[in-house]
Amino acid sequence: MLDLKQVRQDPQAIATELRRRGFDFDVAAFEQLDARRKQADVQSQGLQAERKIASKKIGELIQGGLAVDAAKQTVNQTLEKISAQLDDLTGQARQVQEELDALMMGLPNLLAADVPAGNDEADNRELSRWGEPRQFDFEILDHVDVGLGLGGLDFETATKLTGSRFVVMRGPVARLHRALVQFMLNLHTGSHGYTEVNVPYIVNADSLRGTGQLPKFEEDLFKLHHDLDYYLIPTAEVPLTNMLRDCIVEAEEMEQGMRFVCHSPCFRSEAGSYGKDTRGMIRQHQFEKVELVQMVKPLQSEQALEELTGHAEAVLQALDLPYRKVILCAGDTSVNAHKTYDLEVWLPAQDTYREISSCSNFGTYQARRMKARWRNPETGKPELLHTLNGSGLAIGRTLVAVLENYQCADGSVQVPAALLPYMGDVSTLSPQ
RNA sequence: GGAGAGGUGGCCGAGCGGCUGAAGGCGCGCCCCUGCUAAGGGCGUAUAGGUUUACCCCUAUCGAGGGUUCGAAUCCCUCCCUCUCCGCCA
């Protein structure tokens with residue numbers, strides 16, 4: 001959510017900014033609604049003030065010994081006038097307020113100045129590459145066939161158990177998957193200063209509103225059949241970031257750094273992606289991810305995004321997986337993000353780089369929704385903090401990348417050196 | 001699932017129809033006193049919105065939502081959450 005005051009101050013400037021995203025902000029409609037809100041507020045608040053005075057007077061008269069009815073009589077006129085209008089006016093004021101809230105909730109975040117122009121994925125700008133894609137001297141397989149050969153990936157059984165877009169992993173491949181989780185958690189907690197957290201995988205609607213998945217993207221979520229509005233998490237970002245919802249963090253605690261890392265499953269309905277990436281593990285309804293979240297003081301978030309992205313890159317480098325770093329263009333940056341870097345890993349079978357991590361700075365956008373604040377010692381006042389998150393990394397896609405990049409001519413797969421300690425010294429996954 | 005107790009400011013905690021946006025304490029900030037240390041005294045200290053150059057002022061908020069009333073932190077209803085006991089259970 002944007003700052004209402006800021007929008008009010010210069011709606012044209014906001015409109016211009018949002019146009020970069022291709023978002024059309026109707027300034028006239030906003031100003032009209034805001035004016036209506038103001039009028040409704042002034043009227044209803046004025047009336048409430050009158051009522052308060054009248055009520056107080058009755059109280060005083062009764063204290064002074066007057067009978068209750070007699071006391072009411074003295075202010076009768078005022079009361080009648082008030083009771084006739086108050087419900088109506090407060091109702092109106094509330095309704096207008098709700099409309100304005102909805103409008104504000106629907107506005108995307110402002111983009112950072114260095115976000116490149118563009119409409120979609122094709123306009124994202126590559127910033128750097130790391131590693132050399134390996135040259136294969138044999139016919140390579142994609143991860144599905146590699147996994148099948150190892151007897152470790154079983155899509156058919158998963159389809160029987162549930163349906164499409166699920167997978168069963170078995171034996172050494174399942175272990176490799178787990179090894180990736182352990183390795184990443186240890187790296188981020190050991191070398192990057194993150195605190196490991198374990199969170200609920202089911203969250204309420206307030207949490208999803210806080211991070212911005214609701215109200216606009218409900219169709220992407222799995223909602224539970226339950227009396228309360230419960231959802232499966234689409235990413236650990238939701239519970240992790242919402243830990244600070246309605247909190248005021250003391251300055252001292254901020255200094256120590258609010259860095260959290262969490263391994264969790266992620267559940268996504270993938271509505272609207274029919275036919276996309278249907279083969280293999282690239283796009284599943286359930287996948288696992290190691291998520292990085294930081295809450296920082298406003299002036300630090302720009303730097304924090306660089307660092308956080310670097311933490312995700314460190315995983316790819318340790319696994320010796322070639323990747324490139326991309327800055328998302330205006331049209332491809334998600335509505336709640338201020339600036340996003342994607343890390344794309346090299347997938348030889350697809351002969352292309354595919355997203356494996358997305359690292360974003362949200363500025364105050366999420367914090368304002370969540371009322372996540374810190375106490376600024378200079379002012380003594382609570383101020384919104386900045387939130388960031390990134391995948392460090394998506395486990396399923398990392399497994400895909402390992403299977404493809406480390407495959408051998410005989411169908412076996414070498415275990416990356418960094419994972420050996422987690423594999424019980426199994427250094428090669430052999431075909432069955 | 002059953003029975004009971006409770007949810008008040010950054011924290012603890014009083015209030016249980018009007019003088020309460022809320023006593024008292026802790027914490028925090030400023031000042032005074034004190035030649036170290038320890039202690040003491042004074043003042044200030046919620047959030048959001050409106051208005052304003054600013055001060056003032058106005059409105060809302062005592063878990064959430066309804067209701068009763070001229071008036072609700074206080075009474076009634078529904079829901080959520082926490083704690084204790086019983087049952088069940090990984």
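In the text below, chain A, chain B and the rest are named by the order of the sequence lines, each starting its count at 1.
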*Asks:* With a 4.0 Å cut-off on heavy atoms, is A/P382 in touch with a base, just the backbone sugar-phosphate, or nothing at all?
*Replies:*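 Sugar-phosphate contact only.
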
*Asks:* For B/rA5, give its Watson-Crick or G-U wobble partner with both distances under 3.5 Å, or none.
*Replies:*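 Answer to the pairing question: B/rU82, which forms a Watson-Crick or G-U pair with B/rA5.
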
*Asks:* Considering only side-chain heavy atoms of A/I62, which listed nucleotide, B/rG18, B/rG10, B/rG71, is closest?
*Replies:*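 Taking heavy atoms from C-beta onward, the closest nucleotide is B/rG18.
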
*Asks:* Tell me the interatomic distance from A/Q92, atom CD, to B/rU59, atom P, rounded to whole angstroms.
*Replies:*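 After rounding, the gap between these two atoms is 20 Å.
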
*Asks:* Is there a side-chain polar atom (N or O) of A/R94 under 4.0 Å from OP1 or OP2 of B/rG66?
*Replies:*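 True: A/R94 side-chain N/O within range (under 4.0 Å) of B/rG66 OP1/OP2.
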
*Asks:* For B/rU61, give the paired nucleotide (Watson-Crick: N1-N3 plus N6-O4 or O6-N4; G-U: N1-O2 and O6-N3; both under 3.5 Å), or none.
*Replies:*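 B/rA46 - that is the nucleotide pairing with B/rU61, both distances being under 3.5 Å.
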
*Asks:* Mind checking A/R368 for me? I need base, sugar-phosphate or nothing, with any heavy atom below 4.0 Å counting as a touch.
*Replies:*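 Counting heavy atoms under 4.0 Å across all strands, no contact is made by A/R368.
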
*Asks:* Which of these nucleotides, B/rG18, B/rA48, B/rC70, is closest to any side-chain atom of A/R373?
*Replies:*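 Nearest to the side-chain atoms of A/R373, counting from C-beta on, is B/rA48.
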
*Asks:* Considering only the C1' atoms, how many Å lie between B/rU20 and B/rG87, rounded to the nearest integer?
*Replies:*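 It comes out at 44 Å once rounded to the nearest Å.
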
*Asks:* With P as the reference atom in both, quote the distance from B/rU74 to B/rG15 in angstrom, rounded to an integer.
*Replies:*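 These two P atoms come out 15 Å apart once rounded.
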
*Asks:* Would you say A/Q73 and A/D69 are linked by a side-chain donor-acceptor pair, where the criterion is simply a distance under 3.5 Å?
*Replies:*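 No, no side-chain donor-acceptor pair sits under 3.5 Å.
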
*Asks:* In whole Å, measure the gap between the P atoms of B/rA22 and B/rC76 for me.
*Replies:*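 Approximately 26 Å lies between the P atom of B/rA22 and that of B/rC76.
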
*Asks:* Sticking with atom C1', work out how far B/rC88 lies from B/rA3, rounded to a whole angstrom.
*Replies:*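 Comparing C1' positions in B/rC88 and B/rA3 gives a spacing of 16 Å.
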
*Asks:* Closest to the A/V68 side chain: B/rC70, B/rC81, B/rG49?
*Replies:*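 Per side-chain heavy atoms of A/V68, the pick is B/rC70.
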
*Asks:* Quick check: are there more than 12 heavy atoms from other residues, nucleotides or ligands sitting under 6.0 Å from CD of A/E218?
*Replies:*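 Enclosed: over 12 neighbouring heavy atoms sit under 6.0 Å from CD of A/E218.
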
*Asks:* Which of the following nucleotides, B/rA60, B/rG18, B/rG10, is nearest to the side chain of A/S55?
*Replies:*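 The answer is B/rG18, which lies nearest to the side chain.
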
*Asks:* Pick base, sugar-phosphate or nothing for A/K52, based on heavy-atom distances below 4.0 Å to the nucleic acid.
*Replies:*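 The answer is sugar-phosphate, as A/K52 gets under 4.0 Å only of primed atoms, P, OP1 or OP2.
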
*Asks:* Just wondering, more than 12 heavy atoms not from A/D425 lying within 6.0 Å of its CG?
*Replies:*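 Check fails, neighbour count at 12 or below.
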
*Asks:* For A/N336 and A/T211, indicate whether the former's side chain and the latter's backbone hold a donor-acceptor pair under 3.5 Å.
*Replies:*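 Here the side-chain-to-backbone pair exists.
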
*Asks:* Check whether any side-chain N or O of A/R21 sits under 3.5 Å from a backbone N or O of A/N109 as a donor-acceptor pair, and report yes or no.
*Replies:*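 Looks like yes, one N/O pair under 3.5 Å.
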
*Asks:* Want to settle it: does A/L4 or A/E250 sit nearer the 5' end of RNA chain B, counting the closest nucleotide to each?
*Replies:*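 The residue whose closest nucleotide sits nearer the 5' end is A/E250.
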
*Asks:* Using heavy atoms to find the nearest nucleotide of RNA chain B for A/K5 and A/K56 separately, return the residue whose nucleotide is more 5′.
*Replies:*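 The residue closer to the strand's 5' end, by nearest nucleotide, is A/K56.
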
*Asks:* Base, sugar-phosphate or nothing for A/K371? Non-hydrogen atoms, less than 4.0 Å.
*Replies:*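 A/K371: no heavy atom of the nucleic acid under 4.0 Å.
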
*Asks:* Just to be sure I understand the rule, does A/I58 reach a base, reach only the sugar-phosphate, or reach nothing, if contact means heavy atoms closer than 4.0 Å?
*Replies:*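 Answer is base: heavy atoms of A/I58 come under 4.0 Å of a base.
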
*Asks:* Crowded around A/Q9 CD? As in, over 12 foreign heavy atoms under 6.0 Å?
*Replies:*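 Counting other residues, nucleotides and ligands, CD of A/Q9 stays at 12 neighbours or fewer.
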
*Asks:* Taking only the side-chain nitrogens and oxygens of A/K38, find out if one of them lies under 4.0 Å from OP1 or OP2 of B/rU51.
*Replies:*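 The answer is yes; a side-chain N or O of A/K38 sits under 4.0 Å from OP1 or OP2.
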
*Asks:* Does a nitrogen or oxygen in the side chain of A/K381 sit under 4.0 Å from OP1 or OP2 of B/rU47?
*Replies:*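 So the side chain of A/K381 is within the cut-off, an N or O lying under 4.0 Å from OP1 or OP2 of B/rU47.
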
*Asks:* Tell me the interatomic distance from A/N376, atom CG, to B/rG29, atom P, rounded to whole angstroms.
*Replies:*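 Spelled out: CG on A/N376 to P on B/rG29 is 14 Å.
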
*Asks:* Nearest-Å distance, CG (A/D246) to C1' (B/rA48)?
*Replies:*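 These atoms are roughly 13 Å apart.
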
*Asks:* Using both distances under 3.5 Å as the test, list the Watson-Crick or G-U wobble partner of B/rC70, or none.
*Replies:*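 Partner of B/rC70: B/rG18.
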
*Asks:* Counting only heavy atoms from other residues, nucleotides and ligands, does the tally under 6.0 Å from CG of A/L299 exceed 12?
*Replies:*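 Atom CG in A/L299 is not crowded, with 12 or fewer foreign heavy atoms closer than 6.0 Å.
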
*Asks:* Using a strict heavy-atom distance below 4.0 Å, which residues from residues 41-50 of chain A are in contact with RNA chain B?
*Replies:*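 Hits under 4.0 Å, by residue number: A/D41, A/Q45, A/Q48, A/A49.
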
